[in-house]
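Throughout, protein chains are lettered first and strands after them, A, B, ... in sequence-line order, and every chain is numbered starting at 1.
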Amino acid sequence: MDLSPVRVRFAPSPTGRMHLGSARTALYCYLLARRTGGTFILRIEDTDRKRYVEGAEQELIDGLHWLGLDYDEGPDIGGPYGPYRQTERREIYQKWADELVERGRAFHCFCTPERLEQVRQEQQKNKQNPRYDGTCRDIPLEEARRRAANGEKHVIRFKMPREGQTKAVDVMRGEITWEYSQLDDTVLLKSDGLPTYHLAAMVDDYEMKVTHVIRGSEWLSTFPVHVNVIRALGWPEPVWMHLSVFLKPSGKGKMSKREAAEAVKDGHSIFVMDLKDLGYTPEGVLNWIVLMGWGVAEDDVMSLDDMINRFTTDNLNPSPAAINFAKLDHFNGTHIRLMQADDLAGRIKPFFEREGYRVDNAKLLKIVPLIRERLVTLDDCIPFAGFFFKDDVSPLPQDLLAKDLSPAQSADVARKALAILEALPEISHPSAEPPLRQFVEEAGLHPNQVFGILRVAVTGQKVSPPLFESMEIIGRETVLARIRRAVDMLSGL
RNA sequence: GCCCCCAUCGUCUAGCGGCCCAGGACGGAGCCCUCUCAAGGCUCAAACAGGGGUUCGAGUCCCCUUGGGGGCACCA
């Protein structure tokens, strides 16, 4: 791979929520830019005002920031080639559309949408490929300009050659060939004066000196249109990469709305900002998506910096990839375990607060080592450690029963353990474990029978962080009070 | 229907003609550790879609078939 500095852009349209596919495209753009010491640009492709969604641009920006994919030029921070929002660049597209018309490579088309729709249906009925029928293709330029000047509604279409073939190179796939007979006179400028993607993106990439285009493979079919527009204008061609699509977990087809909803049901989502709320970390998400379409032989746990150092366009994978949420869970848990205690504490604190707990930082820092290797997502801190911040716990009586022991026997065990702990001036891991273990042994019980009762008594739950460490954090008086209460409950069974 | 793309374990992938009776990771199974749940360690099962070529030799190159995906808008 050539390592000279690139200029790449992530160019989403603000028409919906930021999903995994966008995130991966952005990530690869970012990696290539950072790897080569190049520039990463954010450009908003908002030329479709019908599909424009309020707030979508902000979610895109938030998503990139959350993931840590900082861009060097963009709508909110500016840059030398702005503006970076296409609706703010209309005159530029106008100018180049005119240039194409001037060069005889584009033409005014006055056909109404209704007529075109009719033609399309006719063609389909006759089993022909739907395509522009060329009605306005040969209107003399002066006449066309006169009609346009008179305010007649029109679009500008690219005048695609009628015969022969055209070729273009995608780095992942090599050379691709199309017959011109299969290509259409694509609309470049809409009747509202705004450009379509096919013009806008090419113009902006040229004006913004983009050297490498990384985009989704849904653009592969219009790829020949794009290279023809660029060549008609005599512009230098960027390096092209069309990333594979993400398939739903079953591998059968693209992620659908229904599928997306299904994912949410079991705690997952294909939307970046949902993942944040669900307790996923940028590290986990990034590590997960970077490996979908780009493979490494070994050592697949990577930080963003690792990815930058290792990324290369040489082994990008063109085949579609099925989304596998189990793998996200794995990477998320792995990165959580890799975090420094204070870092992790800072990240789970908002999740406790979201549940309404008042969080003491010093206490939180003591809890982190106890739960770190148990968290798959950050919000798992609630089931594992929520009780640390509760004034009281409410164990289920039947949960207090030890395996193979009657209520009376369980109560007896609890009473004896209580006595042992009451004899201690303070309850800590080192002070509490030896005498309790000794008791277990002398009583001929299984450790779990004794510790299980205490766990439920003290934490209120059957699954918890390690018992002695937990008791130490909770504190002697509270621990004793809770065990006394458990003794009472057991006696009443 | 037409055009284009893709094809290695269930999934994500390594492999760019001999280093591969195919490596890693997730998931699965088993064992160990163990106060619960995890984490961790060890072990196992699991793939080159099929058929033709090319070559001394093919997962790797070519063709066909099959399967999958994307697209066929005044949407991106």
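Residues A:K254 and A:Q128 both approach RNA chain B. Their nearest nucleotides, taken by heavy-atom distance, put A:Q128 toward the 5′ side. Across the interface with RNA chain B, nearest-nucleotide mapping of A:S217 and A:F451 shows A:F451 to be the residue nearer the 5′ end.
Rounded to a whole angstrom, the distance from the C1' atom of B:G59 to that of B:C48 is 5 Å. B:G69 and B:C56 have their P atoms separated by 40 Å, with the value rounded to a whole Å. Separating the C1' atom of B:A47 from that of B:G15 is a span of 13 Å, rounded to the nearest Å. Distance noted for atom C1' between B:U11 and B:C16: 23 Å (whole Å). Distance check on atom P: B:A25 versus B:G68 gives 31 Å, rounded to whole Å. Remark: the separation of the C1' atoms in B:A29 and B:C9 is 15 Å, to the nearest Å. Across B:G10 and B:A45, the matching P atoms stand 15 Å from one another, rounded to whole Å.
The list of side chain to side chain donor-acceptor pair (under 3.5 Å) pairs with a residue in residues 189-201 of chain A, not counting sequence neighbours, reads A:R49-A:D192, A:Y197-A:R215, A:H198-A:H226. Pairs engaging residues 439-460 of chain A under the ring-ring contact (aromatic ring centres under 6.0 Å, His included) rule: A:F451-A:F468 [sequence neighbours left out]. Contacts classified as side chain to side chain donor-acceptor pair (under 3.5 Å) and involving residues 311-326 of chain A (residues at least two apart or in different chains) are given here: A:W294-A:N315, A:T312-A:D314, A:N317-A:S319.
Within a 6.0 Å radius of CD in A:Q398, more than 12 heavy atoms belonging to other residues, nucleotides or ligands are found. Heavy atoms of other residues, nucleotides or ligands lying less than 6.0 angstrom from CD of A:E175 number more than 12.
Residue A:E114 is out of contact with every strand shown, counting any heavy-atom pair closer than 4.0 Å. At a threshold of 4.0 angstrom between heavy atoms, the contacts of A:T177 are confined to the sugar-phosphate backbone, with no base atom among them. If you check every strand for non-hydrogen atoms under 4.0 Å, A:F468 touches a base. Within 4.0 Å (heavy atoms only), A:G333 reaches no atom of the nucleic acid at all.
No side-chain heavy atom of A:P318 sits under 4.5 Å from any side-chain heavy atom of A:S217. Within the 4.5 Å cutoff, no side-chain heavy atoms of A:E259 are placed close to those of A:I323.
Looking at A:R24, its side chain does come within 3.5 Å of a backbone N or O of A:M292 through a donor-acceptor pair.
Across all strands shown, nothing is found opposite B:C33 as a Watson-Crick or G-U wobble partner with both distances under 3.5 Å. The pairing partner recorded for B:U11 is B:A25, the criterion being a Watson-Crick or G-U wobble arrangement whose two distances lie under 3.5 angstrom. Summarising the base pairing, B:C48 is matched to no nucleotide, lacking a Watson-Crick or G-U wobble pair whose two defining distances lie under 3.5 Å. With a cut-off of 3.5 Å on both Watson-Crick or G-U wobble distances, the partner of B:U54 is given as none.
Applying the 4.0 Å criterion to OP1 and OP2 of B:C4, one finds that A:K167 has every side-chain N and O outside that range.
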Give me, pair by pair, the N or O atoms of the protein and of nucleotides 30-32 of chain B that are less than 3.5 Å apart, along with how far apart they are.
none

Do any N or O atoms of the protein come closer than 3.5 Å to N or O atoms of nucleotides 36-44 of chain B, and which pairs are they?
| unit_1 | atom_1 | unit_2 | atom_2 | d |
| --- | --- | --- | --- | --- |
| B:U36 | N1 | A:R455 | NH2 | 3.3 |
| B:U36 | O2 | A:S464 | N | 2.8 |
| B:U36 | O2 | A:S464 | O | 3.0 |
| B:U36 | N3 | A:R455 | NH1 | 3.4 |
| B:U36 | N3 | A:S464 | O | 2.6 |
| B:U36 | O4 | A:P466 | N | 3.3 |
| B:C37 | O2 | A:R374 | NH1 | 2.8 |
| B:C37 | N3 | A:R374 | NH1 | 2.1 |
| B:C37 | N4 | A:R374 | NH1 | 3.4 |
| B:A38 | O2' | A:E373 | O | 2.5 |
| B:A39 | O4' | A:E373 | O | 3.3 |
| B:A39 | O3' | A:R337 | NH1 | 3.3 |
| B:G40 | OP1 | A:R337 | NH1 | 3.3 |

Polar atoms only, N or O, under 3.5 Å: list the protein pairs with nucleotides 63-66 of chain B and their distances.
none

Might you list the N or O atoms of the protein lying below 3.5 Å from N or O atoms in nucleotides 6-16 of chain B, with each pair's distance?
| unit_1 | atom_1 | unit_2 | atom_2 | d |
| --- | --- | --- | --- | --- |
| B:C12 | OP1 | A:A322 | N | 2.9 |
| B:C12 | O2' | A:L291 | O | 2.5 |
| B:C12 | O2 | A:K327 | NZ | 3.1 |
| B:U13 | OP1 | A:G293 | N | 2.6 |

Report, one pair per line, the protein and nucleotides 72-76 of chain B atoms (nitrogen or oxygen only) whose separation is under 3.5 Å.
| unit_1 | atom_1 | unit_2 | atom_2 | d |
| --- | --- | --- | --- | --- |
| B:C74 | O2 | A:S191 | N | 2.7 |
| B:C74 | O2 | A:S191 | OG | 2.7 |
| B:C74 | N3 | A:S191 | OG | 3.1 |
| B:C74 | N4 | A:C111 | O | 3.3 |
| B:C75 | OP2 | A:K190 | NZ | 3.3 |
| B:C75 | O2' | A:D48 | OD2 | 2.4 |
| B:C75 | O2' | A:R51 | NE | 3.3 |
| B:C75 | O2' | A:R51 | NH2 | 3.1 |
| B:C75 | O2 | A:R51 | NH1 | 3.4 |
| B:C75 | O2 | A:R51 | NH2 | 3.1 |
| B:A76 | OP1 | A:T47 | OG1 | 2.9 |
| B:A76 | OP1 | A:K190 | NZ | 2.8 |
| B:A76 | OP2 | A:Y197 | N | 3.1 |
| B:A76 | O4' | A:R51 | NH2 | 3.3 |
| B:A76 | O3' | A:E45 | OE1 | 3.3 |
| B:A76 | O2' | A:S13 | OG | 2.7 |

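By the 30° and 60° cut-offs, the orientation of the rings of A:F311 relative to A:Y28 is tilted. Using cut-offs of 30° and 60° for the angle between ring planes, the A:F331 and A:H335 rings count as tilted.
Within residues 433-444 of chain A, the residues that have a heavy atom under 4.0 Å from RNA chain B are, in order of number, A:R437.
Nearest approach of A:Q461 to A:P383, heavy atoms of both residues: NE2-O, 2.7 Å. Closest approach of A:T334 to A:H330, counting heavy atoms only: OG1-O, 2.7 Å. The two residues A:H108 and A:C136 have their closest heavy-atom pair at O-CB, 3.5 Å. Taking every heavy atom of both residues into account, A:L490 and A:A411 meet most closely at CB-CB, 3.7 Å.
Ion pairing of A:E262 with A:K248 is absent here, as no side-chain N (NZ or NE/NH1/NH2) approaches a carboxylate O to less than 4.0 Å. With respect to the salt-bridge test (charged N to carboxylate O, under 4.0 angstrom), the residues A:R347 and A:E283 qualify.
Under the rule for a salt bridge (charged side-chain N to carboxylate O under 4.0 Å, His left out), the partners of A:R115 that lie at least two apart in sequence or sit in another chain are A:D133. Judged as a salt bridge (charged side-chain N to carboxylate O under 4.0 Å, His left out), and not counting sequence neighbours, the contacts of A:R43 are A:E45, A:D204, A:D205. In this structure A:D170 satisfies the salt bridge (charged side-chain N to carboxylate O under 4.0 Å, His left out) test together with A:R173, sequence neighbours excluded.
B:G1 atom C1' lies 16 Å from atom NZ of A:K125, rounded to whole Å.
A:E117 and A:Q121 form a side-chain donor-acceptor contact under 3.5 Å, judged by distance and modelled atom types alone.
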